[in-house]
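Below you'll find the structure, written out as structure tokens, and then a few comments.
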Amino acid sequence: MGYIPITPFRRTMDAALLQHVSHPPAPPSGEGISKWDALRELTAGRIRFGLSDRDLTVLQVLISFYPAADLRPGEPLVVFPSNATICARLNGMPCSTMRRHVARLVDSGFLIRRDSPNGKRYLRRGEIAFGFDLAPLLNRIDEIRTAAEAIRAEEAHLATLRESISLMRRDLCGLVALGRIERPALPVWDDCDALLTTLVPMLRRKLSAPELERLQEVLSDALDRVRGTLAVPVSVNTDTVAEEMSTRDAENEQHYHKSNSESHDLKPTAKNQTLPRREQKTPTLPDVLSRCTELRNYAPDGIPTWPKFVETVETVRPMMGIAEPVWADAKRTMGPVEAAIVLATMLERYERYRSPGGYLRTLTRKSAERTFSSATMVRALDRQAA
């Protein structure tokens, strides 16, 4: 077959090129491999070999000049198209650009130049072909496959991490929303919101596996903290409220019966009659129903009495996202009627409340301090209507 040179035509020889040409890996034994499968595997693992997508586009065109579908050991694997033909098949890529990518393929050891004495590419009498040798794709197929599998494993690991972080973020958002309803006064919810806000710009970047693993640890710690907080029984009363519990219960019961009587009789109160402070602030049932029109949608048979009013509010309360401990605390502190009026007025402007449970908890605390009454919220509905 004649002598096959190892030095490039009119090009400088370096140690890396000498290693690729003079000591190529042994070809695999047995059957050949699909030339397109080899290219696909090399494309998957190209980062490991420092190849760009444009390098592989040029290699794909060179492979297309090889007539057979498989690369087989012992067969000549040299293609010999001219530069003009290669550039034409590359959709008009400049010749200088094509040569640069070919040089990268040669330097990486996935293409070997078989130069003729004059540097031309041709096939001589069917014996020797001078051009680009595709043998490295066959000889290094095991190395190529190993790199491709490693890259695919890394990508799968990254995808799993991103998926886990996405699900953990969703859980944390949901638990924080629940926590603001169940225990709105705790600072842990603000801490978690700050963490979630910080994660948004970070996840827009292409993070490495160690960075994603670190975020996963941070979210895991935050979830453990939130779960632990929600697992602690909710304290429905402060120490001050607990000390006055018996007095408050008696007062609330008295208030409830008097309000009920008022709703039945609908008689004007004498001007010189002195009423308890809370009863003076509680509006009458017709006043409340004339303003809280949303609540009437949940009572088709009407709301003739305060007990029916409280019963209707009890039905709506879970739909508003207000937890039972928060509602029980409000009834104990304000009284059932007063607490029901508060929820009825909140229902009128429900879309304004980011955390209805947290807002009710705040009003309950103010009621315990004697700085709030439902009459204020009812008058606010009048101002809204105006």
Side-chain angles (χ1 to χ4, degrees), residues 25 28 31-64 69-71 90-91 93 101 104-105 107-111 134 136-180 188-231:
E31 298 295 327
I33 60 170
S34 166
K35 61 182 181 180
W36 301 122
D37 287 345
L39 179 64
R40 278 190 289 268
E41 291 297 288
L42 182 58
T43 301
R46 65 181 177 83
I47 298 177
R48 292 295 178 91
F49 303 110
L51 297 176
S52 68
D53 54 347
R54 299 292 296 277
D55 297 334
L56 294 176
T57 300
V58 173
L59 180 60
Q60 178 181 0
V61 167
L62 293 176
I63 291 176
S64 68
D70 294 340
L71 305 176
L90 284 168
N91 301 318
M93 176 183 287
H101 291 298
R104 288 172 59 90
L105 291 168
D107 293 340
S108 63
F110 289 102
L111 197 64
L134 303 177
L137 290 176
L138 175 64
N139 300 339
R140 301 177 64 182
I141 188 61
D142 292 338
E143 179 186 358
I144 293 172
R145 286 171 175 166
T146 300
E149 291 173 0
I151 293 295
R152 291 191 184 103
E154 290 177 5
E155 291 176 349
H157 181 53
L158 288 174
T160 301
L161 287 173
R162 294 191 190 99
E163 181 182 84
S164 298
I165 289 174
S166 178
L167 294 175
M168 294 170 78
R169 286 178 61 206
R170 186 182 71 185
D171 283 351
L172 186 59
C173 289
L175 291 175
V176 168
L178 175 62
R180 288 191 180 278
V188 63
W189 317 128
D190 292 334
D191 296 341
C192 291
D193 280 340
L195 171 61
L196 292 169
T197 302
T198 304
L199 289 178
V200 172
M202 295 180 64
L203 293 175
R204 289 174 181 166
R205 297 187 288 110
K206 189 175 182 179
L207 301 178
S208 64
E211 291 173 324
L212 291 173
E213 289 169 355
R214 175 57 184 160
L215 289 182
Q216 189 178 39
E217 292 177 3
V218 172
L219 284 171
S220 179
D221 293 341
L223 283 171
D224 290 342
R225 182 183 178 191
V226 169
R227 291 191 190 102
T229 301
L230 292 175

Any side-chain heavy-atom pair from Glu154 and Ile47 closer than 4.5 angstrom? no
Arg104 side chain vs Gly50 backbone, donor-acceptor pair below 3.5 Å: yes
Flag side-chain contact, heavy atom, 4.5 Å: Leu137 against Leu39: no
Taking the side chain as C-beta and beyond, is there a heavy-atom pair between Arg180 and Asp190 under 4.5 Å? yes
So do Leu219 and Leu199 actually touch side chain to side chain, heavy atoms under 4.5 Å? yes
I'd like to know if the side chain of Arg46 reaches the main chain of Asp55, judged simply by a donor and an acceptor atom lying under 3.5 Å from each other, with no hydrogens or angles considered. no
Determine which pairs satisfy ring-ring contact (aromatic ring centres under 6.0 Å, His included) with at least one residue from residues 205-231, sequence neighbours left out, and list them in order. none
Residue among Arg48, Lys35, Arg140, Arg152 satisfying salt bridge (Lys or Arg N to Asp or Glu O under 4.0 Å) with Glu41: Arg152
Please report the closest heavy-atom contact between Ile144 and Phe49, naming both atoms and the distance. CA-CZ, 4.2 Å
Contacts of type side chain to side chain donor-acceptor pair (under 3.5 Å), residue Glu155, not counting sequence neighbours: none
When rounded to the nearest 0.5 angstrom, what distance separates NE2 in His101 from CG in Leu51? 11.0 Å
Taking all non-hydrogen atoms of both residues into account, name the closest pair between Asp70 and Ser34 and its distance. OD1-CA, 3.4 Å
List for me each residue that meets side chain to side chain donor-acceptor pair (under 3.5 Å) alongside Arg169, sequence neighbours excluded, and say none if there are none. none
Separation of Leu172 CG from Ile165 CD1 (nearest 0.5 Å): 12.5 Å
Can you tell me how far the CZ atom of Arg40 sits from the CG atom of Leu56, to the nearest 0.5 Å? 13.0 Å
Roughly how far, to the nearest 0.5 Å, is CG of Leu196 from CG of Asp191? 11.0 Å
To the nearest 0.5 angstrom, please state how far the CG atom of Leu71 sits from the CH2 atom of Trp36. 10.0 Å
Kindly give the heavy-atom pair with the smallest separation between Leu158 and Ser208, and that separation in Å. CD2-C, 4.0 Å
Whether over 12 other heavy atoms sit under 6.0 Å from Arg54 CZ: no
Check whether Ser166 reaches the backbone of Arg162 with its side chain - one donor and one acceptor, N or O, closer than 3.5 Å. no
Can you see which heavy atom on Leu59 is nearest to which on Leu42, and at what distance? CD2-CD2, 3.6 Å
Looking only at heavy atoms, which two atoms of Leu134 and Leu62 are closest? And how far apart? CD1-O, 4.3 Å
What pair of heavy atoms forms the shortest contact from Gln216 to Met168, and how long is it? O-CE, 3.4 Å
Is it the case that atom CZ in Arg214 sees more than 12 heavy atoms from other parts of the structure closer than 6.0 Å? no
Can you check whether Glu217's main-chain N or O pairs, donor with acceptor, with Ser220's side chain at less than 3.5 Å? no
